[in-house]
Undergrad: 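One structure coming up, written as structure tokens, with questions to follow.
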Amino acid sequence: MDEQKRYFSRELLLWYRANKRDLPWRRQSNPYYTWVSEIMLQQTRVETVKPYFERFIGKFPTVEALADAPEEEVLKAWEGLGYYSRARNLQTAAREVKEQYGGQVPNDKAKVSALKGIGPYTSGAIMSIAFNRPEPAVDGNVMRVLSRYFRLHDDIAKPATRVHMEHLAQELIPEGCASDFNQALMELGALVCTPKSPSCLLCPVMEHCEGRMAGEELILPIKTKAKPPKPELRYAALIEGTGEHEGKVLVRQRPDTGLLAKMWELPHILVPKQVGIVGMSDAESYAILHHSLQAEGVDVAPVEHWMDAEHTFSHIHWQMRVYRCNLRNLQPKDNTVYKWAGPEEMEELAFPNVFVRLLKIRFQ
DNA sequence: AATACGGGGTT
DNA sequence: AACCCAGTATT
């Protein structure tokens with residue numbers, strides 16, 4: 001191995017040991033904590049994850065506790081974190097670990113990799129961080145750091161690039177220091193070698209960083225852009241309960257698969273594209289909402305436009321118009337479950353953020 | 001190899 | 001408002 005690589009590993013490790021952050025999942029070594037934190041950290045920032053991790057471990061302190069919990073509780077604990085299949089896969093995998101491995105995360109790369117929701121990055125992170133095994137853990141931070149330090153111009157959006165980076169990252173792990181070194185690599189990416197304006201002058205490996213020496217720290221890593229989210233207009237119905245349902249609104253559960261699977265929502269419809277958006281009269285909107293919801297077994301009379309909301313997923317942009325409606329009849333189609341939800345039910349049912357925000361406004 | 005799958009941050 | 005960030009499963 002050449003001196004540029006040796007220098008990198010040595011200096012990065014020293015820097016990490018002096019600068020590592022105090023994070024909830026680092027307080028004690030526990031493979032279950034490493035696992036939960038790494039799943040939560042997929043596509044999600046450290047500051048967002050912190051409170052979720054604390055609550056989650058409080059509710060489900062062990063693999064067995066998670067395995068034995070009702071799925072709705074796990075989903076509720078994940079509410080607002082996004083990518084909800086992570087929560088369902090995590091519990092499926094916890095049940096597998098309970099049954100097959102006595103509740104202990106196996107110290108075996110192949111067995112960990114075979115668990116639901118654990119791909120190449122997360123298996124490497126668990127093996128290295130929890131068991132100090134010399135496996136690469138290549139996430140976006142690591143690809144950015146390596147692209148810059150070694151001045152690699154490969155497109156990091158391409159799967160082949162990650163494979164190449166894994167070979168390099170594994171080679172760089174100092175003997176017996178996989179846990180600290182892999183965390184050091186990601187810590188540098190998070191704190192110093194940041195996407196926008198990297199703090200090169202604070203970087204422990206600046207002297208031999210080829211990207212910086214070439215003046216390319218701002219153009220690296222190379223990454224092709226994602227395509228923009230597809231716009232969708234949706235009409236939602238805010239249906240107020242009366243009598244015994246006074247103070248509540250009608251909500252329903254989404255299908256078991258696909259977007260926001262098993263989450264709760266206001267009844268709503270996708271407005272057919274041809275209908276057009278701008279300049280549609282209230283009467284026309286009411287008619288569309290009425291007819292589409294009726295086809296789903298929800299017979300309503302729209303009363304007034306209540307408010308608008310927008311929500312962007314990674315691939316879809318929702319523009320929502322919410323109408324206050326009176327319910328005339330409810331005959332749920334294809335096993336869709338409807339409920340009346342007030343503030344109390346909000347504590348039990350898991351809603352995606354776009355509906356959390358709307359219902360918070362409704363219930364004040 | 002491309003797409004589905006949330007939510008939040010910065011500029 | 002436009003843009004950026006980023007793992008796994010599925011197809």
Side-chain angles (χ1 to χ4, degrees), chain A residues 34-52 75 77-93 112-126 129 135-147 154-163 165-166 169 182 185-186 189-191 193-198 218-232 254-265 308-320 350-358:
Chain A
T34 304
W35 178 17
V36 170
S37 67
E38 288 300 339
I39 299 295
M40 287 186 171
L41 286 163
Q42 290 168 6
Q43 320 294 297
T44 313
R45 311 173 112 75
V46 166
E47 289 309 311
T48 305
V49 166
K50 278 182 183 175
Y52 280 93
L75 204 53
W78 211 268
E79 182 186 78
L81 207 46
Y83 289 118
Y84 300 96
S85 67
R86 292 185 296 174
R88 293 194 307 277
N89 288 338
L90 177 59
Q91 190 182 32
T92 299
V112 166
S113 298
L115 296 170
K116 270 276 193 289
I118 298 186
Y121 163 72
T122 308
S123 66
I126 292 172
I129 296 172
E135 298 291 342
V138 175
D139 69 351
N141 287 311
V142 173
M143 288 202 279
R144 184 171 59 254
V145 169
L146 296 181
S147 293
D154 311 77
D155 181 353
I156 66 168
K158 298 237 182 294
T161 302
R162 201 206 70 237
V163 174
M165 299 264 183
E166 281 174 347
N182 281 355
L185 216 36
M186 294 187 272
L191 300 180
C193 195
T194 51
K196 282 295 180 192
S197 45
L218 293 179
I219 66 149
L220 291 171
I222 306 294
K223 186 183 175 183
T224 53
K225 296 175 194 330
K227 59 175 194 180
K230 185 178 93 191
E232 288 184 0
R254 294 178 62 87
D256 290 352
T257 57
L259 183 69
L260 304 170
K262 298 182 185 177
M263 306 278 292
W264 293 80
E265 64 180 10
D308 287 341
E310 296 204 355
H311 192 76
T312 307
F313 304 95
S314 42
H315 55 310
I316 307 170
H317 177 82
W318 277 3
Q319 185 186 349
M320 305 200 70
F351 292 85
N353 270 4
V354 56
F355 293 111
V356 168
R357 284 193 278 263
L358 285 171

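Reminder, nothing fancy here: chain letters follow the sequence lines and each chain counts from 1.
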Undergrad: Could you give the distance separating B:dT11 and C:dA6 at their P atoms, to the nearest angstrom?
TA: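 Going atom to atom, P in each nucleotide, I get 15 Å.
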Undergrad: Heavy-atom distance under 4.5 Å between the side chains of A:Asn141 and A:Leu185, does that happen here?
TA: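 A:Asn141 vs A:Leu185: side chains apart.
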Undergrad: A:Tyr121 and A:Glu38: side-chain donor and acceptor closer than 3.5 Å?
TA: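 Yes, A:Glu38 and A:Tyr121 have a side-chain donor paired with an acceptor closer than 3.5 Å.
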Undergrad: What are the 5'-most and 3'-most nucleotides of DNA chain C lying under 4.0 Å from any heavy atom of chain A?
TA: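 Using the under 4.0 Å cut-off, the span is C:dC4 to C:dA9.
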Undergrad: Treat primed atoms plus P, OP1 and OP2 as sugar-phosphate and everything else as base, then score nucleotides 3-11 of chain B 5' to 3': B for base contact with protein heavy atoms under 4.0 Å, S for sugar-phosphate contact only, - for none.
TA: -SBBBBS--
Undergrad: Could you tell me whether A:Leu41 contacts a base, only the sugar-phosphate backbone, or nothing, with contacts defined as non-hydrogen atoms closer than 4.0 Å?
TA: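 Answer is nothing: A:Leu41 stays at 4.0 Å or more from every strand.
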Undergrad: Decide yes or no for A:Phe355 and A:Met320: does some side-chain heavy atom of the first lie under 4.5 Å from some side-chain heavy atom of the second?
TA: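 In short, these two side chains touch, coming nearer than 4.5 Å.
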Undergrad: Between A:Asn89 and A:Pro195, which is nearer to the 5' end of DNA chain C once each is assigned its nearest nucleotide?
TA: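 Looking at the nearest nucleotide for each, A:Pro195 comes out on the 5' side.
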Undergrad: Using the C1' atom in both, what is the distance from B:dG6 to C:dC4, to the nearest Å?
TA: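 That atom pair is separated by 15 Å.
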Undergrad: Starting from the 5' end of DNA chain C, give me the residue, A:Gly117 or A:Arg144, whose nearest nucleotide shows up first.
TA: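 On the 5' side of the pair lies A:Arg144.
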Undergrad: Any heavy-atom pair between the side chains of A:Glu79 and A:Val356 that's under 4.5 Å?
TA: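 A side-chain contact under 4.5 Å exists here.
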Undergrad: Backbone N or O of A:Pro120 within a donor-acceptor pair of the A:Arg162 side chain at under 3.5 Å?
TA: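 Not at all, since once roles are kept as given, no pair shorter than 3.5 Å links the two residues.
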Undergrad: Output side-chain donor-acceptor pairs under 3.5 Å for residues 219-227 of chain A, partner residues at least two apart or in another chain, one line each.
TA:
residue, atom, partner, partner atom, Å
A:Thr224, OG1, A:Asp155, OD2, 3.2

Undergrad: Please tell me if the side chains of A:Met165 and A:Ile156 come closer than 4.5 Å, counting only heavy atoms from C-beta onward.
TA: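 Counting from C-beta outward, A:Met165 and A:Ile156 do come under 4.5 Å.
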Undergrad: Check the surroundings of atom NZ in A:Lys116: do more than 12 heavy atoms from other residues, nucleotides or ligands lie under 6.0 Å from it?
TA: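 No, not enclosed.
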Undergrad: Looking at every strand, decide which applies to A:Lys223 at a 4.0 Å heavy-atom threshold: base, sugar-phosphate, or nothing.
TA: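 The residue A:Lys223 makes base contact.
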Undergrad: Measuring only the C1' atom in each nucleotide, how far is B:dG8 from C:dA9? A whole number of Å is fine.
TA: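 These two C1' atoms come out 23 Å apart once rounded.
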